[in-house]
Amino acid sequence: MPGLPPSSRRERIADWASLCGGVQWTEEKTVAEDGTELALAITTVPLPRARRPAAAKREKPPAAHVYVLYFQGNASSIPPRLPDLSWVLRAVSDSKSHALAPMELTFVCLSYRGYWTSRGRPAEPGLRLDAEAGVRWIAERHEHQFGKDGTTVPILLVWGQSIGSGVATNLAATGRVPAGMPIQGLLLETPFVSVRAMLETLYPQKWLPYKYLWPFLRNHLDSWGNLGLIARAAQEKVAAPTVYILEAERDELVPQEQSERLFQRCVALGVPVERAVVPVAYHQQAIARGDGKKLAAQAILRLTERALGRNSNSNSGRDVSGSP
């Protein structure tokens, strides 16, 4: 880490605004526990009212407000990702099969330290602090908007893409999350089992030394181990978040076998899990393709409904590939 194009730290939200389909993003700042300044890109969109658009005004506070905290993959920075994310959010708002209005959804893209305009250098211990800072920012915003004793309940979903999936499961497993802000859903896009597993995948040859060097790794991003910690916590006190795995059918970097292992790990542990596969998509194309945008939107809506107590009788381990 990181793998950034030379111009990525100079990119602006405004450079990509014309491709965002009317979704308005703003840049905010927050600070990690160690003092590192971090950049965020924020937008809020209405959730759907089935076959009618969500109301712009309401007489009383909504029952809940949804927050999605987004952790990016390794390459590039946040601004170039905003057009695809915007069209996912438009698909969420325009859904004809989910009735969630007058609730709204606030989407928070966290830029890791060393990425985009965030300060510092990226490494896993720092990324853990960054993820916690993102949740704190959401908790503070929620209290500011709805009041400390307000009746609007926050629903926190976490979306991680590629290495961001490891950041997401780190946060869900061991992160210090403010009281009243539990993680209720995990969307893992093109995830891998762990950095160690990726070493074995990328360098399978016995005569190459790389896969034997895992004890010296500085970054582990161990989603396999994190799922075990999540399941253990669910047995003791906190309900496990629902996991939604979004795979790319032609992923040339992370073999589907790794997503399958995570899926089966959830099933074995009793962690609620669903998955879908984006047809004909490569690793970086999962939400660049139209089918992927629809599936990501469906994931957000389904995770929201589960958090609201709907679909409580759904089976663990449901495969929804190809379901729009």
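Between A234 and A240, the closest heavy-atom pair is CB-N, 3.6 Å. The two residues Q161 and T190 make their nearest non-hydrogen contact at NE2-OG1, 3.4 Å. A pairwise comparison of heavy atoms in G185 and P241 identifies N-CB, 3.7 Å as the closest pair. The two residues A248 and Q256 have their closest heavy-atom pair at O-NE2, 3.7 Å. The two residues P182 and L156 make their nearest non-hydrogen contact at O-CB, 3.6 Å. The shortest heavy-atom contact between Y67 and H142 is OH-ND1, 2.8 Å.
Looking only at side-chain heavy atoms (C-beta outward), L105 and I300 come within less than 4.5 Å of each other. You'll find the side chain of M181 reaches within 4.5 Å of the side chain of I138, heavy atoms only. Side-chain contact check for R250 versus V280: some heavy-atom pair is nearer than 4.5 Å. The shortest side-chain heavy-atom distance between P255 and F192 does not fall under the 4.5 Å cut-off. A 4.5 Å side-chain heavy-atom check between I42 and R141 finds at least one atom pair inside the cut-off. By the 4.5 Å heavy-atom criterion applied to side chains, L171 and V158 are counted as neighbours. Side-chain contact between L269 and V267 is absent, with no heavy atoms from C-beta onward closer than 4.5 Å. Contact check for V23 versus R90: side-chain heavy atoms found under the 4.5 Å cut-off.
Within the model, atoms CG of L253 and OG of S162 stand 6.0 Å from one another, a figure rounded to the nearest 0.5 Å. Considering OH of Y244 and CG of L187, their distance stands at 8.0 Å, rounded to 0.5 Å. Rounding to the nearest 0.5 Å places SG of C109 at 11.5 Å from CD of E27. Interatomic distance, CD of E37 versus CZ of R113, reported as 12.0 Å (0.5 Å rounding). Within the model, atoms CD1 of I183 and CG of L69 stand 8.0 Å from one another, a figure rounded to the nearest 0.5 Å. With rounding to the nearest 0.5 angstrom, the OG atom of S223 is 7.0 Å from the CG atom of N170.
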Using the side chain to side chain donor-acceptor pair (under 3.5 Å) rule, take W116 and E11 through it: C-alpha gap first, then chi angles, then the decisive distance, then the call. CA-CA 7 Å; W116 192 24; E11 287 171 326; 5.9 Å; no
Applying salt bridge (charged side-chain N to carboxylate O under 4.0 Å, His left out), run through E274 and R306 and close with a yes or a no. CA-CA 12 Å; E274 299 185 11; R306 278 183 172 268; 3.5 Å; yes
Begin with the C-alpha distance, continue with both residues' side-chain angles, and end with the deciding distance and a verdict on side-chain contact (heavy atoms from CB on, under 4.5 Å) for T106 and H65. CA-CA 8 Å; T106 297; H65 189 99; 2.7 Å; yes
Do Y282 and E249 pass the side-chain contact (heavy atoms from CB on, under 4.5 Å) test, and can you show the C-alpha distance, the side-chain angles, and the key distance before you say yes or no? CA-CA 7 Å; Y282 293 95; E249 183 182 37; over 6 Å; no
Could you go through the side chain to side chain donor-acceptor pair (under 3.5 Å) check for Q72 and Y112 one step at a time? CA-CA 8 Å; Q72 67 169 77; Y112 311 128; over 6 Å; no
Go through the steps to decide whether T43 and T26 satisfy the test side-chain contact (heavy atoms from CB on, under 4.5 Å), and finish with yes or no. CA-CA 7 Å; T43 192; T26 59; over 6 Å; no
Report the C-alpha distance between T117 and K29 in whole Å, list the side-chain angles of each, state the deciding distance to 0.1 Å, and finish with yes or no for side chain to side chain donor-acceptor pair (under 3.5 Å). CA-CA 9 Å; T117 58; K29 297 290 186 181; 2.9 Å; yes
Begin from the C-alpha positions of L308 and M103 and carry the test side-chain contact (heavy atoms from CB on, under 4.5 Å) through to its verdict. CA-CA 12 Å; L308 290 168; M103 293 193 305; 3.6 Å; yes
Checking side chain to side chain donor-acceptor pair (under 3.5 Å) for the pair D130/Y115: CA distance, chi angles, key distance, verdict? CA-CA 11 Å; D130 298 349; Y115 283 67; over 6 Å; no
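Remark: R128 engages E124 in a salt bridge, criterion side-chain N to carboxylate O under 4.0 Å. Ionic pairing of R176 and E132 is present here: one or more N-O contacts between side-chain nitrogen and carboxylate oxygen are shorter than 4.0 angstrom. A salt bridge does not link R196 to D222: none of the charged side-chain nitrogens sits closer than 4.0 Å to a carboxylate oxygen. A salt bridge does not link D84 with R289: every distance from a Lys NZ or Arg NE/NH1/NH2 to an Asp or Glu carboxylate oxygen is 4.0 Å or more. Of the charged side-chain nitrogens involved, at least one lies within less than 4.0 Å of a carboxylate oxygen, so that E260 and R275 count as a salt-bridged pair.
Two different hydrophobic clusters hold W87 and I78 under the rule that ILVMFWY side chains link at heavy-atom gaps under 4.5 Å. Each of W224 and L229 belongs to its own hydrophobic cluster when Ile, Leu, Val, Met, Phe, Trp and Tyr are linked at side-chain heavy-atom distances under 4.5 angstrom. V153 and V108 are not part of a single hydrophobic cluster, where members link through side-chain heavy atoms under 4.5 Å apart. Hydrophobic clustering of Ile, Leu, Val, Met, Phe, Trp and Tyr side chains at less than 4.5 Å, counting indirect connections, keeps L129 apart from L127. Note: the hydrophobic cluster containing W25 also contains V68 (ILVMFWY, side chain heavy atoms under 4.5 Å, direct or indirect links).
Between the side chain of S95 and the main chain of P48, no donor-acceptor pair closer than 3.5 Å is present. Counting only distance, with no hydrogens or angles, the side chain of K293 and the backbone of I287 share a donor-acceptor pair below 3.5 Å. T30 places no side-chain N or O within donor-acceptor distance of the main-chain N or O of W137, the cut-off being under 3.5 Å. Checking side-chain atoms of S118 against main-chain N and O of G114 turns up no donor-acceptor pair under 3.5 Å. Between the side chain of S93 and the backbone N or O of P46, at least one donor-acceptor pair lies under 3.5 Å.
Side-chain contact, E189 with W159: a donor N or O sits under 3.5 Å from an acceptor N or O.
Between Y70 and F107, the ring planes lie tilted relative to each other; the angle falls in the 30° to 60° range.
Remark: Q264 CD is packed, more than 12 non-hydrogen atoms of other residues, nucleotides or ligands lying under 6.0 Å away.
Of the candidates L246, T169, V273, L188 forms a side-chain contact (heavy atoms from CB on, under 4.5 Å) with just one, namely T169. Each of V254, I163, L262, L186 was scored for a side-chain contact (heavy atoms from CB on, under 4.5 Å) with P191, with one residue passing: L262.
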